[in-house]
Amino acid sequence: MTADQRHVLLLAGTAEARALARQIADRFPKVRLTASFAGAVTDLPVLKVPTRVGGFGGIDGLIRYLDVERVSMIVDATHPFAAQMSRNAQAAANAMNVPLIRLERPAWQLRGGDRVTEAAAVSDAVRLIPQGARAFLAVGRKEIERFYARSDIFALVRMIEPPERALPEGWTLVLGRPPQDVAQEVDLLKHHRISQVVAKNSGGTRSFAKIEAANRLGLHLIMIARPQLPPAQIAPSVSDMLVELSKSLDTRPDQRL
Ligand code: NAP
């Protein structure tokens, strides 16, 4: 890395981050790019850019990383529910005076009348599931154990890798990423005679099929609201992010990148 070469730290773990890794590398070939993964899942995508895996060690660890690796910009493309990472990134960026842009896909705006209940947090979603329900819990591996207290319900659980602690007796586990095909989701919900869908308001298109399927079947939906994040410069999509990045990363004639 030359003295004036920019180093962009891309906080990853989403489809947008994968697209950004490709596109930043293509559009800004002189920029040093590092993609960072938490290591929460073992089947990490193969990105053709240098990658690091694992936590930084909180805000202090990230500050050290920014310093040692001479990071000149952070692109936070983590999932909207990866709040700890986004908070740490903003705090470390502020401390080190490193610019940060967060990719924040718009939340889903649902109009389902009585069929949609918003849960302010996961704990509310756990409480809001009616007794004896047959719930599809699309909440991810990190949060699933909080639902284990609801031994009065049946739950269909889908996640990429198995939970650390086995599901309660009688619940069904489906391993895999969410399909984007609504008909497939409709079949799954029908097959398990699901009455409620519990989901995080992730936004975007990749995991919307289950919401669409729940709507088609007229099922009750419990939507977990996003955690509050600190104010930041926001880009709502990959293309918006590239526009923002080009303002900072495009080479001026007198500037070697
Ligand atoms: P989190 O609660 O915000 O973060 C917990 C800790 O994991 C962070 O404090 C950090 O450890 C480490 N970490 C998280 N993202 C990282 C990254 N990209 N690079 C390096 N370290 C990272 O995050 P989470 O909800 O567990 O999510 C973990 C990863 O899965 C994220 O990359 C996220 O984009 C992805 N993901 C999350 C969800 C979800 O619903 N939460 C859904 C899809 C994908 P240190 O404090 O040690 O730095």
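What's counted below: heavy atoms across the whole structure, side chains too, no hydrogens, waters or symmetry copies. Indexing begins at 1, ligand by ligand and atom by atom, following the structure's order.
- For a threshold of 3.5 Å applied to N or O pairs, the pair formed by A40 and ligand 1 contains no separation below that value.
- Closest to atom 44 (C) of ligand 1, if we only count protein heavy atoms, is G13 O, 3.2 Å.
- Distances from atom 37 (C) of ligand 1 to the heavy atoms of H79, R206, R226 show the closest one on H79.
- Looking at every heavy atom in both residues, Q180 comes nearest to T205 through NE2-O, 4.2 Å.
- Using cut-offs of 30° and 60° for the angle between ring planes, the H192 and F154 rings count as parallel.
- Shown here for H79 and S202, the closest heavy-atom pair between the two residues is NE2-OG, 3.2 Å.
- Nearest protein neighbour of atom 40 (O) of ligand 1, counting heavy atoms only, is K200 NZ, 2.7 Å.
- Note on ligand 1: G61 sits outside its first shell, no heavy atom being nearer than 4.0 Å.
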Exercise for the section: I would like to know whether S72 and R6 meet side-chain hydrogen bond (donor to acceptor under 3.5 Å, both in side chains); could you show each step before the answer? Expected result: CA-CA 6 Å; S72 39; R6 309 288 184 89; 5.3 Å; no

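- Residue, atom and distance of the protein heavy atom nearest to atom 11 (O) of ligand 1 are G55 CA, 3.5 Å.
- Considering backbone and side-chain N/O of T14, none are found under 3.5 Å from N/O of ligand 1.
- Between F56 and ligand 1, a contact under 3.5 Å exists for at least one N or O pair.
- No more than 12 heavy atoms of other residues, nucleotides or ligands sit less than 6.0 Å from atom CG of N97.
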Problem - Derivation and outcome, side chain to side chain contact (heavy atoms under 4.5 Å, CB included), residues V238 and L103 - result: CA-CA 7 Å; V238 168; L103 194 150; 4.1 Å; yes

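- R64 contributes no side-chain N or O that, together with a main-chain N or O of F56, makes up a donor-acceptor pair within less than 3.5 Å.
- The closest protein non-hydrogen atom to atom 23 (O) of ligand 1 is A82 CB, 3.5 Å.
- When ring centroids are compared, W108 and F208 come within the 6.0 Å threshold.
- Looking from atom 24 (P) of ligand 1 to the surrounding protein, the closest heavy atom is K142 NZ, 3.4 Å.
- When the heavy atoms of A38, P227, A83 are ranked by distance to atom 29 (C) of ligand 1, first place goes to A38.
- Looking at ligand 1, you'll find an N or O of Q84 within less than 3.5 Å of one of its N or O atoms.
- Residue contacts with ligand 1 for N88 involve side-chain atoms from C-beta outward but no N, CA, C or O (heavy atoms, distance under 4.0 Å).
- Atom 8 (C) of ligand 1 has its closest protein heavy atom at M85 SD, 4.1 Å.
- Put simply, no part of A77 is less than 4.0 Å from ligand 1, judged by heavy atoms.
- Proximity of a side-chain donor or acceptor of Q131 to a complementary backbone N or O of D152 within less than 3.5 Å is not detected.
- When heavy-atom distances to ligand 1 are checked against a 4.0 Å cut-off, S202 has no atom that comes that close, whether in backbone or side chain.
- For atom 47 (O) of ligand 1, the closest non-hydrogen atom on the protein side is G57 N, 2.9 Å.
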Practice task
For S195 and H220, run side-chain hydrogen bond (donor to acceptor under 3.5 Å, both in side chains): C-alpha distance rounded to whole Å, both residues' side-chain angles, the deciding distance at 0.1 Å, then the answer.
Solution key: CA-CA 6 Å; S195 56; H220 180 215; over 6 Å; no

